[in-house]
Amino acid sequence: MSEPQEKERSLNFLEQIVEDDLKSGKHGGRVATRFPPEPNGYLHIGHAKSICLNFGLAQKYDGTFYLRFDDTNPSKEETEYVESIIDDVRWITGDTLHNRIFFASDYFKQMYDWAVELIQKGKAYVCDLSGEEVRATRGTPTEPGKPSPFRERSVEENLDLFERMRKGDFQDGTRTLRAKIDMASPNFNLRDPVMYRIVHAEHHRTGYTWCIYPMYDWAHGLEDSIEKITHSICTLEFEHHRPLYDWFLDQLDGIFRPRQYEFARLGLNYTVMSKRKLLELVRGKHVHGWDDPRMPTIAGLRRRGYTPESIRNFCKTIGVAKFNSTIDVVMLENAIRDDLNKRALRRMGVLHPLKVVIDNYPEGQSEELDAINNPENEADGTRKVPFSKTLYIEQDDFREDAPKKYFRLAPGKEVRLRYAYYITCTDFKKDADGNVIEVHCTYDPQTRGGSSPDGRKVQGTIHWVSADHALDAEVREYDRLFTQPNPDDPSDLNDYKTYLNPDSLRILKGCKLEPSLRDVNPEDRFQFERLGYFCLDKDSTPEKPVFNRTASLRDSWAKVEKKG
RNA sequence: UACCUGGUGGUGUAAUUGGCAACACAAGGGAUUUUGGUUCCCUCGUUCAAGGUUCGAGUCCUUGCCGGGUAGCCA
């Protein structure tokens with residue numbers, strides 16, 4: 001932990017609030033936050049912002065952080081999602097969350113009892129209006145709503161009806177429990193909001209023990225109160241819900257009083273971040289699953305080779321505010337490059353192989369050369385790479401007609417094979433279609449290791465793999481899934497699919513990798529020189545190794561070429 | 001149209017709470033380099049507008065303009 005740097009950073013507005021509360025002695029100096037997802041989908045990078053915020057706050061102020069499932073709507077929720085969310089939150093925070101995972105469904109009985117208390121206080125009533133009728137009587141921004149004809153039912157009748165709702169005497173949609181607040185409020189949330197609805201469906205945890213389920217507004221503050229959350233942080237669209245959040249808490253005596261704060265959710269260009277749309281992508285088979293490396297899900301980013309550190313760092317640099325902003329995805333891409341540059345092991349890999357024969361190198365001979373594992377970190381040491389007469393280089397690294405500033409291999413030109421020898425191109429062969437299929441070179445035995453005794457310079461250095469020793473692998477390259485700057489913004493479900501990038505996945509077969517890549521750890525990350533960062537895919541087998549491209553390297557060759 | 005909420009470089013986030021507008025990313029330029037990567041240096045904004053208070057305003061007040069949110073028995 002880089003403690004001194006941490007203290008230099010200025011506070012974001014939430015840290016400011018927490019510090020003020022700490023100073024004033026609120027909650028006895030205690031800080032408790034939570035991340036409260038509904039288990040109705042996989043987590044995505046937007047959730048990461050919330051997780052980092054809540055976890056970071058608890059960590060910074062020596063508080064507690066809970067993962068709480070807001071599982072109050074059985075029709076949308078599944079155990080698969082619960083498991084993936086636990087996994088993802090653990091991964092991002094690096095915390096086991098031992099004894100700190102809770103479920104709203106565990107509080108159903110307590111919430112029910114509190115609802116009864118509200119009825120007894122004359123603050124809630126059972127309403128027989130249909131959904132249609134409720135909508136029709138809610139009013140408009142300019143006109144107040146009309147009171148429900150059932151608004152003045154007696155406490156006894158409400159108690160009886162609510163009890164029968166719970167026992168399953170009524171069909172879905174026939175009755176609700178509503179809070180008696182103010183049908184004329186300019187805030188729609190206070191126009192007698194529904195607290196409970198009837199849903200005869202199997203809940204992934206409580207089964208059929210309940211057939212009435214609390215609405216978000218009724219449930220959320222209670223959950224926070226039960227868990228003694230001091231700072232309940234949610235996104236901006238819940239701002240209008242805060243008066244209701246407070247109203248519900250006000251009605252109950254002697255309970256812990258949390259407070260809600262709002263921040264702007266993450267907006268990333270080129271990225272769809274709605275669970276509904278991501279679910280559509282999965283169901284419609286536009287991607288291979290929730291953990292498809294092109295998905296903005298935590299599972300997808302993780303499979304692609306993103307590290308939790310890079311995501312935490314990303315969240316730190318984008319900051320928190322109440323302004324709805326759109327962050328450029330290059331920020332995220334930069335975060336992973338930045339992290340991987342420091343830690344990824346350097347390896348040589350050739351994605352588009354071109355055969356090179358060293359004519360003056362003895363047939364059947366081979367030797368081992370020393371290569372540095374990571375110039376950014378000397379502790380990573382060195383390794384041996386085999387060299388022989390026949391090699392593979394990247395197709396891009398040879399040009400028949402080299403442009404002016406092209407530093408790589410071309411007829412008559414000399415380049416350095418990294419960690420090996422200087423070679424000079426003497427000849428090349430083409431196939432019937434005019435594609436270069438083989439390049440012939442001579443090497444200078446004096447330049448072993450990559451430097452010459454006469455001190456002559458070569459402009460270019462290229463990577464290579466010995467043909468006889470190479471590992472054959474499949475490499476998957478990923479591009480952005482969407483081509484439009486902000487498809488998630490105004491467009492609807494139909495529109496955003498037109499922005500799907502058909503070239504977002506490229507599978508490269510017959511890639512040649514240096515033999516040390518034969519036995520790698522799934523957690524290892526590699527930089528293939530000039531190509532980018534890679535990691536092993538979960539589909540990989542020893543017979544058929546598969547690597548994912550995590551991120552590309554910044555490549556300014558295009559700029560050089562443009563300038564001529 | 002009613003209510004809520006926000007507006008600081010190309011993009012985001014800061015500004016000791018009224019005291020010389022800073023940091024990151026992007027872009028452009030340069031240096032170093034056994035890959036054109038990495039690293040390092042330089043350049044790029046008078047804070048939505050107008051008015052007011054003040055010695056002094058990004059910060060406080062007024063008005064206007066623009067953006068986002070809200071009328072589920074979703075969360």
Side-chain angles (χ1 to χ4, degrees), chain A residues 8-13 16 36-38 40 70-73 75-77 127 129-132 134-135 138-143 145 172-178 185-189 191 193-199 212-213 215-217 219-220 234-243 262 264 267 269 275-276 316-328 330-335 337-338 341-342 346 348 371-372 375-376 394 397 405-408 415-420 422 449-451 458-463 527 529-532 553-561:
Chain A
E8 292 296 322
R9 276 185 61 236
S10 53
L11 304 178
N12 64 47
F13 83 98
Q16 191 66 252
E38 182 189 16
N40 66 347
D70 212 354
D71 52 350
T72 57
N73 184 1
S75 57
K76 287 187 176 177
E77 300 155 7
C127 178
L129 256 30
S130 69
E132 289 283 292
V134 170
R135 200 171 312 129
R138 194 169 351 245
T140 67
T142 41
E143 311 158 40
D172 285 11
T174 54
R175 283 185 170 78
T176 57
L177 182 72
R178 297 176 69 181
S185 171
N187 184 341
F188 279 93
N189 293 310
R191 318 247 262 226
V194 172
M195 294 166 64
Y196 275 91
R197 77 287 212 187
I198 301 170
V199 183
I212 55 170
Y213 289 90
M215 296 289 290
Y216 167 86
D217 287 301
H220 208 87
C234 63
T235 47
L236 242 30
E237 64 269 25
F238 291 102
E239 250 174 331
H240 328 269
H241 294 246
R242 183 161 16 108
E262 308 86 13
N269 56 10
K275 275 192 199 171
R276 191 174 60 106
K316 208 180 290 175
T317 56
I318 60 174
V320 216
K322 301 189 77 158
F323 175 65
N324 282 297
S325 56
T326 303
I327 280 137
D328 197 328
V330 302
M331 286 267 202
L332 179 62
E333 294 164 356
N334 186 66
R337 271 196 298 248
D338 197 46
N341 175 53
K342 288 176 217 128
R346 270 52 171 184
M348 292 199 282
I372 295 165
E376 306 286 321
E394 206 64 52
D397 288 345
K405 290 200 172 171
Y406 187 78
F407 297 158
R408 307 175 217 174
V415 297
R416 168 166 43 229
L417 292 176
R418 187 153 210 209
Y419 301 125
Y422 287 8
S451 57
V458 288
Q459 292 218 87
T461 302
I462 63 176
H463 53 276
Q527 183 190 110
E529 307 264 18
R530 196 185 260 130
L531 302 175
L553 245 41
R554 252 190 223 90
D555 182 11
S556 27
W557 164 241
K559 255 188 265 172
V560 173
E561 200 168 30

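In the text below, chain A, chain B and the rest are named by the order of the sequence lines, each starting its count at 1.
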Of the listed nucleotides ([options]), which one gets closest to any side-chain atom of [X]?
X	options	value
A:Asp70	B:rG72, B:rA75, B:rG37	B:rA75
A:Ser556	B:rA75, B:rA24, B:rG37	B:rG37
A:Arg138	B:rU1, B:rC73, B:rU38	B:rC73
A:Asn334	B:rU34, B:rA26, B:rA2	B:rA26
A:Thr326	B:rG36, B:rU34, B:rG12	B:rG12
A:Val134	B:rU39, B:rC73, B:rA75	B:rC73
A:Arg197	B:rC74, B:rA71, B:rU13	B:rC74
A:Ser10	B:rA75, B:rC73, B:rA14	B:rA14

Query raised in the report: When syn is taken as a glycosidic angle within 90 degrees of 0, is B:rU17 syn or anti?
Result: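 The base of B:rU17 is oriented syn (glycosidic angle within 90° of 0).
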
Query - Chi class for B:rG7: syn within 90° of 0, otherwise anti - result: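 This nucleotide is in anti.
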
Query - Euclidean distance for P, B:rU46 against B:rG6 (whole angstrom) - result: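 Per the computed distance, 26 Å lies between those P atoms.
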
Query - Rounded C1' spacing from B:rU53 to B:rA21 in Å - result: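 Comparing C1' positions in B:rU53 and B:rA21 gives a spacing of 22 Å.
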
Under 4.0 Å, heavy atoms only, any strand: does [X] hit a base, just the sugar-phosphate, or nothing?
X	value
A:Thr72	sugar-phosphate
A:Leu129	base
A:Ser185	nothing
A:His220	nothing
A:Asn187	nothing
A:Phe323	sugar-phosphate
A:Lys275	nothing
A:Tyr213	nothing
A:Phe238	base
A:Arg418	base
A:Ile318	sugar-phosphate
A:Gly460	nothing
A:Thr176	base
A:Val320	sugar-phosphate

Query raised in the report: With a 3.5 Å cut-off and no angle check, do the side chains of A:Thr235 and A:Glu237 form a donor-acceptor pair?
Result: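 Yes - a donor-acceptor pair under 3.5 Å links their side chains.
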
Report task. Would you tell me whether A:His240 and A:Asn189 have side-chain atoms, one donor and one acceptor, within less than 3.5 Å of each other? Result ->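 Judged by distance alone, the side chains do not pair up.
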
Query raised in the report: Does A:Gly173 or A:Ala420 map to a spot on RNA chain B nearer the 5' end, using the closest nucleotide for each?
Result: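 Between the two, 5'-proximity favours A:Ala420.
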
Query - Base-paired stems that RNA chain B participates in, counting runs of 3 or more Watson-Crick or G-U pairs under 3.5 Å - result: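 RNA chain B stems, ordered by first number: B:2-7 with B:65-70, B:10-13 with B:22-25, B:27-31 with B:39-43, B:48-52 with B:60-64.
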
**Report entry** Phosphate-side-chain proximity, A:Arg346 and B:rG37, N/O vs OP1/OP2 below 4.0 Å
**Finding:**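 Negative; the distance criterion is not met.
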
Query raised in the report: Any side-chain N or O of A:Lys322 less than 4.0 Å from the OP1 or OP2 oxygen of B:rG68?
Result: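 No, outside the criterion.
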
Requested in this report: Spell out yes or no: do the side chain of A:Arg408 and the base of B:rG36 have one donor N/O and one acceptor N/O closer than 3.5 Å?
Outcome: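 Result: at least one qualifying N/O pair found.
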
Report task. Please examine the side chains of A:Leu553 and A:Gln527, heavy atoms only from C-beta on, and report whether any two atoms are closer than 4.5 Å. Result ->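 Side-chain contact under 4.5 Å: yes.
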
Query raised in the report: Taking A:Ser185 for the side chain and A:Asn187 for the main chain, is one N or O donor matched with an acceptor at less than 3.5 Å?
Result: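 Yes.
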
Requested in this report: Give the minimum heavy-atom separation between A:Glu143 and A:Arg191, together with the two atoms involved.
Outcome: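 Heavy atoms only, the tightest pair is O-NH2, 3.0 Å.
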
